[in-house]
Amino acid sequence: MLRKIVFPAAGMGTRFLPATKATPKEMLTIVDKPLIQYGVEEALEAGMDKIVMITGRGKRAIEDHFDISAELELNLRAAGKHEMLEKISKLSRKTTVSYVRQKQPLGLGHAVLCAEPWVGNEPFGVSLADELICSPHGSAMAQLRAVFEKTGASVIGLARVPKSDVHKYGIVKAEQEGDLLRLTGMVEKPATEDAPSDLAMIGRYIFTPRLFELLETTPSGKGGEIQLTDAMALLAQEEPMYGVIIEGQRFDAGNPLGFLTANLVLGLENEEFADDLRRILKQYL
Ligand code: UTP
């Protein structure tokens with residue numbers, strides 16, 4: 001039943017300029033794969049194989065990345081580079097990706113609403129690919145899915161953040177309900193003193209389709225954007241909504257420091273060159 005997932009990727013990536021002037025933020029590379037590929041692989045691991053990307057101007061590279069490149073495949077085959085051929089062709093053959101253009105970047109809530117004609121009246125996932133989550137205990141989306149299967153309700157991925165960082169995130173109000181964490185409200189980027197908890201939303205969601213109806217009437221909020229958090233707060237008043245504190249390493253790769261950290265940490269875990277990287281880094285520390 002739950003197979004559809006939306007990747008909003010139409011944002012301007014201003015925190016990462018000038019890199020993102022002509023290159024989509026989602027195509028920035030962690031070790032040897034673009035961020036968006038990590039997100040898609042995570043979704044596939046959770047059984048969500050019907051994918052829609054919300055894109056905008058300057059995001060064509062995303063479409064090319066998930067397309068079949070016949071010429072490249074031909075060249076790799078002729079050169080006998082079978083391992084690399086398998087690597088690049090497997091994903092594009094395994095996935096069907098649809099694309100919807102968000103004509104103006106009016107906010108994350110608006111980007112999600114652009115997927116409504118494609119999703120229809122079904123529950124669906126939403127994943128923000130610039131939040132990179134690596135988990136050895138089932139992908140982040142699979143962790144959310146497990147709670148969705150139990151409850152049939154909307155489920156939100158969470159992480160604890162230092163009090164000094166709450167102003168960077170959507171922060172939830174939560175209460176324990178048996179072994180589940182029931183969410184009763186959320187606020188976008190609150191001041192430290194207004195934050196209802198230290199639990200931040202980290203770009204992984206499963207929603208019931210009621211969210212779309214609420215988004216349709218959500219007025220512009222913080223920053224003049226249609227905020228997903230505002231519609232979610234209404235949804236949490238109408239229907240049960242649960243939170244999952246995601247197990248795994250998380251990197252906010254949508255800014256240069258988080259991105260560099262992700263590259264170094266995953267580089268140091270890479271079997272092929274971790275030792276060399278460690279040796280090289282020692283010269284600079
Ligand atoms: P972010 O605020 O993290 O991304 O939005 P951004 O807007 O690209 O980056 P900055 O803040 O300017 O540096 C969260 C997610 O929502 C998408 C972004 O692509 C990102 O995946 N988004 C945001 C849209 O698709 N459309 C929008 O209008 C805004």
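The model shown is predicted, which means the values in this text are computed figures rather than measured ones. Order of appearance sets the numbers: ligands from 1, and atoms from 1 within every ligand.
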ask   = Tell me, which pairs form a ring-ring contact (aromatic ring centres under 6.0 Å, His included) where one or both residues lie in residues 243-285, sequence neighbours left out?
value = F16-F259
ask   = When the ring centroid of F66 is compared with that of Y99, is the distance short of 6.0 Å?
value = no
CA sep, side-chain torsions, deciding dist, call: E42, Q37, side chain to side chain donor-acceptor pair (under 3.5 Å) = CA-CA 8 Å; E42 181 197 314; Q37 184 171 339; over 6 Å; no
key: Lys/Arg N to Asp/Glu carboxylate O, R210 vs E239, below 4.0 Å   = no
task = Look at atom NZ of K173 and say whether more than 12 heavy atoms of other residues, nucleotides or ligands are closer to it than 6.0 Å.
result = no
key: Sorted by chain and number, the residues that approach ligand 1 to under 4.0 Å with a heavy atom   = P8, A9, A10, G11, M12, G13, T14, R15, K25, E26, Q102, P105, L106, G107, L108, A111, L128, D130
ask   = Is R93 salt-bridged to E73, cutoff N-O under 4.0 Å?
value = yes
